[in-house]
Amino acid sequence: MDRSSIIRTTAWLWLAATVVVLVLGFRQAIFVAPMEATMGNLQRIFYYHVPHAILGLVFPYINVAASLAFLYWRRRDPLKALSADALAVASAEVTVLFAGICLASGMLWGKPAWGIWWAWDARLTTELILWLLYVSYLLLRRFSPTGQTGVLSAVLAVFAAIDVPIIYMSIHWWRTQHPAPVFGGGADSGVDPAMMPAFLLNLAGWAMWGLLLIGFRFALERRRQLAEQEAALLAIEASLETPQ
Amino acid sequence: MKYARYVLDHLKKDLRLEWRSRDSINGMLFFVLLVVVVFAIAFDPASYPTMARQISGGILWVGLLFASMTALNQSWTREQRNQVLEAQRMAPSPASALFVGKALANMIFVLLVEVVLGPIFIVFFNLHVLGNAWLLALILPLGTWALVVNGTFFAALGLRARNRELLLPLILLPLSLPAVLMMVQATSGVITGDLDPIQIRTWITQLAGFDIIYTTVCVLFFETVLNAE
Amino acid sequence: MKYARYVLDHLKKDLRLEWRSRDSINGMLFFVLLVVVVFAIAFDPASYPTMARQISGGILWVGLLFASMTALNQSWTREQRNQVLEAQRMAPSPASALFVGKALANMIFVLLVEVVLGPIFIVFFNLHVLGNAWLLALILPLGTWALVVNGTFFAALGLRARNRELLLPLILLPLSLPAVLMMVQATSGVITGDLDPIQIRTWITQLAGFDIIYTTVCVLFFETVLNAE
Amino acid sequence: MTAASLDSASKIYGTFAALRNATATFPMGTCTVILGENGAGKSTLLRIVAGLITPSRGTATVFGGAPHKQRRRVAYMSHAPMLYDELTAMENLKYFSKLHRSEGCDCAGSPEMALRAVGLDPTLTRPVGQYSQGMRQRASLARVLQTDPELLLLDEPFSNLDVKSSQHMVELLADFRTWPVAGGSARTIILTTHQASLAEPIADRTITMRQGQIVDTAVRQPA
Amino acid sequence: MTAASLDSASKIYGTFAALRNATATFPMGTCTVILGENGAGKSTLLRIVAGLITPSRGTATVFGGAPHKQRRRVAYMSHAPMLYDELTAMENLKYFSKLHRSEGCDCAGSPEMALRAVGLDPTLTRPVGQYSQGMRQRASLARVLQTDPELLLLDEPFSNLDVKSSQHMVELLADFRTWPVAGGSARTIILTTHQASLAEPIADRTITMRQGQIVDTAVRQPA
Ligand code: HEM
Ligand SMILES: Nc1ncnc2c1ncn2[C@@H]1O[C@H](COP(=O)(O)OP(=O)(O)OP(=O)(O)O)[C@@H](O)[C@H]1O
Ligand SMILES: Nc1ncnc2c1ncn2[C@@H]1O[C@H](COP(=O)(O)OP(=O)(O)OP(=O)(O)O)[C@@H](O)[C@H]1O
Ligand SMILES: [Mg+2]
Ligand SMILES: [Mg+2]
């Protein structure tokens, strides 16, 4: 088997595994996990909301790693740099998606739980700023002149990645309406152990889904880059045939 | 040492250019003044003095933010006209010196604006600073530098983009939101006297940290951005 | 009739240019979103809900004012690049048709922005409109036109000035202050439900009057401004 | 009949006189080439005739009226291309031809023809912003030609053009002068250039300027 | 010794190849004139040698290193004047000469001298923004000459110049080539132009480009 068909098979297998995990997670979350005491069934959004929130914070680091790699390889090995750039776009887009879903699910949760769609509390603001940062990253990619997109956006990615922890620190002392951290928080933190399987399954499932999306988007971007190179090569070769 | 001399050359040039036309600073002044007036009309501070105190920190910084953004965009336009920027790129002096020089020049302009604006603002919003007013002398420069250093950097980054003027706020605002939060909280804290000094100290320290981190990153990456392509 | 056809030509051209670049409108949408977030962070509507309601009218209009100012400046820059404006001046079609076409195009953009922005704004500021919400469908377009018509005019006026971008707010803001006052009062009145309908009617009528007067004056004087040297 | 004339026209910028006391007539049907050093005031003179600036002193007359009243019969092409970067050449030309549409006819030549005439492909989908300098210059010429002007003002039409393109342009201008005009009058061209030799074939008259003044007017004898 | 060389360098904008597979060497001490139609890729080639853009494929070498590492020894003058409109010529030149100041000496020629050499008055107090096209071109030339470059890149230095000024500029360039160099090496000039005849007196070699390719390289025999 050649390389591309191996990749394709892996992708399909990965997709199948993702679906299985997500379905199991769905069963656990909706039918198996115990009902929460105060919020009732509403709490089940938790199994979707929190994984997206956590993953939305992980993917930016893929983005900045790829961006730094791009900057490093830019002059040394342009081909590798192009792959890094593709990975950077892919992870940025998936970040926007996941942070967006976290925002949306949180808002859907907030309306019945708090009676309002939105509150300017630390967690929510943080997440919103994260989302805004990566939207602005994507906008910069669209606005920047051809040929400079990679460099400019890579630099912005570094700035954005530095900003993420700063946001967390700076907003930590702000008034808050959002539930305090359940994991690794104070003494009485932690969820009912019966909820754990549902949560972990969903976390794993969405992580796999996110990686799959990144991989898919990466492949797409690579294909676009290759097509562009091809066209450029054609342009050069076509001219070489013209009599001198 | 030589680096400092380059920075000084650039700074002097920028100040001279500004002095020749002087419109950037005048414009900024007037703009901030107008923003204050618009807000005063929109919010009616006279009838609600406590509210005025609560929101005045926000208004001050929002006004400065928008005013400086316009000016920051301008400051690189000058370099781009007649392709002077390419001459800068061809010069053997370190690129980041150009950046530092321009950031300092912009800082001076915005500080000047603040000095003039401060008293006017206090009169318009009928403010009595309830906290320790001296702290403002620390908060204002720190906050201004946070805006100016990133602003100068990203104005340069967006220079060759299609929608230059629009792009700067789009990048700068999300990135500066934490800094804006810190500035506003610290300023409001001082004005209303609500926050205890320790909290204000925390905000100020964080702001200083923000400044230091971003200044370093900007200086490191400026050459890359200038020679992008 | 022929005049209308000219206007349509200009409008179509502007829409096409916008469609070609497209990202300018995306950028503007994002910009307004950012302005709302900045204001929210600066003014903290969550902790003071009644205050939030009182100032939300002001914030909405100030945000739109900033956003549309950026867009307005842009819209003439295009004409100026490559001196296309001189070609426009050399054309035998009436100059004011160019103005009306461009003002309409700008109006369409800003209205689009408002349609998207409205819901976000209501959610973020957690507003319940206490008055007659339908009135907003009247106030918003009237207020927008007031901003856009003067903005387009004065952006053209400032075209050849050195600090174009800064000049527009400087002229536009003072001039629009009465309109801003009317819009803000009417909008706040509707949102808080404080004002009685008659008062709101008065504000709206005045706003309409402002629109009519300034539109006439702009159309009359545009040719003069375009050919001013 | 004179197409345009200047009567002791001066243009003063601040304290600097870009044009001083220029008196000249441009008879109908002639082609005048304005020569002169850099900063001699050639562009200034042309812009006055085009009605884009008004003389500080003296008067300019075009077809017996004020220059800015004659927009329909005059076309002006400057250093800059005067086209929208984002649109294709075709879209640009169509737009401008619409602005010139008059009462009865849809007249004003077809944009396709004009583009073909200057040697550009009308079906090109690249926006003008991505053209090279020379291509822009041609598109710009097409823009002024399509409006079928009686008085054509060209400011350095050959700068940035390679020799072959320049010669082609000169031929095109020579051809343009033979196009029939509605009113029975003849077509007039005024152009500035630094490459006098290029413009030679069509020049009936040359005007030489120095430091804002017209220092010499020469009429070429028909050979 | 070669001052600069291109090794199958291509520059691709989107899908458009502005420069294709260009291979060329520019020996030290020679003056090369690049000819070609509009859009042939002359400016692109020059900008690659200047290190302002990097080739999409292939490499460019200047004095044995990467082009953007040689800033001290290379000067580039483009279509645009590359000067601040608000400052006088003198102030502009002083500023740029400071950016070139190196370790020991204050070197880099004096701005006054450079301005005199190009025929501008160093005491002129008008800001550059109010200069005419040609005056700007000269001030721009002064800017590149004052840094005493070993490799001088000029993009259409004669466009917008009247004939006399152009000839003067050619003489100046010829003179410049004779200036002594610190390292003992010789001065190299690469320039593009559409007016081949003007550059003739100093051209040692001509390169002709067409559609992004170098189609011809001719070496002139010393007469
Ligand atoms: C737009 C609204 C919301 C946003 C943007 C948001 C955002 C977040 C984020 C970013 C996290 C992850 C924090 C971390 O792992 O450190 C999180 C966790 C959580 N959210 Fe939300 N949330 C929103 C609304 C809500 C609502 C309405 C509720 C319930 C009343 C809720 C309950 C939780 C819980 C229980 C966690 C888990 C806390 C933890 O494990 O640390 N969220 N949310
Ligand atoms: N807007 C202006 N403000 C001040 N001075 C100006 C302005 N426009 C032109 N000038 C001056 O007027 C003089 C004549 O300018 P003009 O552009 O007519 O010259 P020109 O003959 O076209 O020169 P070139 O061949 O370089 O294009 C120049 O010295 C120039 O500096
Ligand atoms: N930034 C760019 N984006 C896209 N295409 C470009 C860009 N810069 C140049 N080109 C294209 O590359 C080609 C070569 O351009 P270049 O400026 O090198 O030509 P030139 O030989 O200098 O022509 P001229 O004599 O007109 O100045 C042109 O067809 C131009 O359209
Ligand atoms: Mg001229
Ligand atoms: Mg060129």
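This structure is a prediction, so every number in the text was calculated from the model and none was measured. First the proteins, then the strands, lettered A, B, ... as listed; each starts at 1.
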Undergrad: Does a donor on one side chain sit under 3.5 Å from an acceptor on the other, for B:Ser96 and B:Tyr3?
TA: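 Yes - a donor-acceptor pair under 3.5 Å links their side chains.
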Undergrad: Heavy-atom pairs under 4.5 Å with chain A - which of B:Val225, B:Thr224, B:Leu175, B:Val217 has more of them than the others?
TA: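 Answer, by heavy-atom pair count under 4.5 Å with chain A: B:Leu175.
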Undergrad: Quick one: does NZ or CZ of A:Arg44 land under 6.0 Å from the six-membered ring centre of A:Phe46, within 45 degrees of the ring axis?
TA: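 Not flagged: A:Arg44 not positioned over aromatic ring of A:Phe46.
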Undergrad: Relative to chain B, which of A:Leu71, A:Val158, A:Ile162, A:Leu130 shows the most heavy atom pairs under 4.5 Å?
TA: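 Highest number of heavy-atom pairs under 4.5 Å: A:Ile162.
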Undergrad: Quick check on B:Ile213 against chain A: is it the side chain, the backbone, both or neither that has a heavy atom closer than 4.5 Å?
TA: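 When you check distances to chain A, only side chain atoms of B:Ile213 fall under 4.5 Å.
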Undergrad: My understanding is that only one of B:Asn73, B:Leu72, B:Ile171 makes a side chain to side chain contact (heavy atoms under 4.5 Å, CB included) with B:Phe154; could you say which?
TA: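 Testing each of B:Asn73, B:Leu72, B:Ile171 against B:Phe154, the sole residue satisfying side chain to side chain contact (heavy atoms under 4.5 Å, CB included) is B:Ile171.
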Undergrad: If we define contacts as heavy-atom pairs under 4.5 Å, which of A:Leu133, A:Thr149, A:Leu132 has the most with chain B?
TA: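 It is A:Leu133.
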Undergrad: When you check the gap from the basic side-chain N to the acidic O, do A:Arg141 and A:Asp85 get nearer than 4.0 Å?
TA: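 The answer is yes: the pair qualifies as a salt bridge.
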